[in-house]
Amino acid sequence: ILAGTLVSSLFIVSCEDDDHDHDEEHTDAEGFILENSAGVEVYKEFKGAQTGSITLSVNDTLELAVHFLGDDGKELEHEEDGDHEEESELKVSGFNSSIATVEVEEEHGDGDDHDHDHGEEMAIEVIGVSTGSTSFKLELMHDGHADYTSTNNVPIVVN
């Protein structure tokens, strides 16, 4: 009986720890929006459905803010837990760099951004290299694993 009690108490403690981690630190996103500097939605993915695409010219640079969406389709705020903000980061992959490059912007709220009242702004930069089309996968990384991965690759057309 003592051994059984010990095992079940260890199990209960480990479950509580797991719940704590998942509830507070993970982003439960159902999609995302890419917005240009004017605040116009360029691309949206929500629960697997996608609208829009990224179009730019050769040698153009396009900065796009990334906003993750919750189950209700509204933007998720990143500000609940200040201790863990820096642990979530964007990752992009899968693009053909001879057509376009996609990089994660390192800026996090520079004070000039009047549209959003939360401090951290996730953004990507797309640069047109040559005419053609490519696409990229977007992931929201947290402690070495993806909390969110785009269902579809985001299309890019370079004119």
Side-chain angles (χ1 to χ4, degrees), residues 18 21-159:
D18 285 349
D21 290 344
H22 292 315
D23 289 347
E24 290 189 18
E25 296 176 21
H26 289 248
T27 303
D28 189 20
E30 291 292 335
F32 64 94
I33 292 173
L34 299 180
E35 242 175 38
N36 67 17
S37 57
V40 176
E41 180 183 303
V42 173
Y43 178 85
K44 177 180 180 179
E45 176 177 296
F46 182 60
K47 295 188 176 182
Q50 60 185 136
T51 55
S53 67
I54 297 170
T55 304
L56 70 166
S57 301
V58 176
N59 295 327
D60 272 6
T61 299
L62 193 57
E63 276 191 39
L64 299 170
V66 181
H67 303 288
F68 286 93
L69 305 174
D71 195 47
D72 57 0
K74 294 193 171 107
E75 181 181 343
L76 293 172
E77 298 295 332
H78 314 292
E79 59 192 352
E80 315 105 25
D81 191 351
D83 296 340
H84 298 288
E85 272 186 28
E86 68 280 353
E87 293 176 18
S88 292
E89 61 181 11
L90 289 175
K91 181 181 172 190
V92 292
S93 60
F95 55 89
N96 180 341
S97 59
S98 66
I99 292 172
T101 60
V102 184
E103 294 175 3
V104 175
E105 284 284 288
E106 296 302 323
E107 295 173 21
H108 297 296
D110 54 11
D112 294 337
D113 189 10
H114 304 295
D115 297 334
H116 302 286
D117 51 4
H118 51 84
E120 181 173 316
E121 176 92 331
M122 294 189 182
I124 57 172
E125 187 176 77
V126 183
I127 301 170
V129 178
S130 65
T131 305
S133 60
T134 184
S135 63
F136 66 94
K137 178 169 75 173
L138 181 73
E139 293 175 290
L140 180 63
M141 302 300 291
H142 182 267
D143 285 346
H145 66 272
D147 270 3
Y148 178 80
T149 302
S150 57
T151 310
N152 308 285
N153 280 5
V154 180
I156 302 172
V157 176
V158 182
N159 298 314

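Just so it is clear, the structure is predicted and the values come from calculations on it, not from any experiment. All heavy atoms count here, side chains included; hydrogens, waters and symmetry mates do not.
- Between the CE atom in M122 and the CD atom in E105 there is a gap of 13.5 Å [rounded to 0.5 Å].
- Pairs of residues two or more places apart, or lying in two chains, never qualify as salt bridge (Lys or Arg N to Asp or Glu O under 4.0 Å) while including a residue from residues 149-159.
- A search for side chain to side chain contact (heavy atoms under 4.5 Å, CB included) contacts involving L64 returns L34, N36, V42, I54, L62, I124, V126, not counting sequence neighbours.
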Residue pair E121, H67: steps toward the side-chain contact (heavy atoms from CB on, under 4.5 Å) verdict: CA-CA 8 Å; E121 176 92 331; H67 303 288; 3.8 Å; yes
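- Smallest separation of non-hydrogen atoms from F136 and V102: CD2-CG2, 3.8 Å.
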Atom pairs and distances, donor-acceptor, side-chain atoms in residues 148-159, under 3.5 Å, two or more places apart:
residue : atom : partner : partner atom : Å
Y148    : OH   : E45     : OE2          : 2.8
S150    : OG   : L138    : N            : 3.0
S150    : OG   : L138    : O            : 3.4
S150    : OG   : N152    : O            : 3.2
T151    : OG1  : E45     : OE2          : 3.2
N152    : ND2  : E45     : OE1          : 3.4
N152    : ND2  : G48     : O            : 2.9

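- K47 pairs by the side-chain hydrogen bond (donor to acceptor under 3.5 Å, both in side chains) definition with D71, not counting sequence neighbours.
- Of all non-hydrogen atoms in D147 and H145, the two that sit nearest each other are OD1-NE2, 3.3 Å.
- By the salt bridge (Lys or Arg N to Asp or Glu O under 4.0 Å) test, E139 is found to be paired with K91, residues two or more places apart in sequence or in another chain being considered.
- The two atoms that bring A100 and F95 nearest to each other are O-CD1, 3.3 Å, heavy atoms only.
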Derivation and outcome, side-chain contact (heavy atoms from CB on, under 4.5 Å), residues L140 and L90: CA-CA 5 Å; L140 180 63; L90 289 175; 4.3 Å; yes
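- Here Q50 pairs with Y43 under the side-chain hydrogen bond (donor to acceptor under 3.5 Å, both in side chains) rule; sequence neighbours left out.
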